[in-house]
Amino acid sequence: MRVSQLKTLIKETVREVFQEEIKGLLMEALTSKTLPSTSHPIQEAVSPTPPPPPPSPQMRDSFRQQYSQMMNGEMNFNTQNTQVQPAYRPISPQMTMGENASLPPGEVNLDQIAGIMTPKK
């Protein structure tokens, strides 16, 4: 027997076996009176994240002090009262794009640039 004849014989046999199996499955599905069972959807197991630790007494006192300062008007939230290096403040609105445009005068500290470029965690 040649190799090509053996291949065709195997193909035909496999085809017949698959057809018989499919016919059997279809007949079983048609003759059964119950609906096929559906599998339950896959649910992801989510582990709850642990709650953050409660604040220490010193931190609570600090929060209370800051809150009372805010309520009494002793604390202002603007760029004049920041504790970091002075932020950039434009002198007046300027056109910074287009022809004959220039950047406003002033300096930018390298720490500010580094702060922008470092990824936040």
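Counting only residues at least two apart or on different chains, the salt bridge (charged side-chain N to carboxylate O under 4.0 Å, His left out) pairs with a member in residues 57-66 are Asp61-Arg64. Counting only residues at least two apart or on different chains, no salt bridge (charged side-chain N to carboxylate O under 4.0 Å, His left out) pair has a member in residues 17-31.
Atoms CZ and CG, on Arg2 and Leu9 in that order, are 14.5 Å from each other to the nearest 0.5 Å.
By the side chain to side chain contact (heavy atoms under 4.5 Å, CB included) test, Gln65 pairs with Gln69, sequence neighbours left out. Residues forming a side chain to side chain contact (heavy atoms under 4.5 Å, CB included) with Ser56 (at least two apart in sequence, or on another chain): Gln58, Met59. Judged as a side chain to side chain contact (heavy atoms under 4.5 Å, CB included), and not counting sequence neighbours, the contacts of Ile10 are Leu6, Val14. For Arg15, the salt bridge (Lys or Arg N to Asp or Glu O under 4.0 Å) criterion is met by no residue, not counting sequence neighbours.
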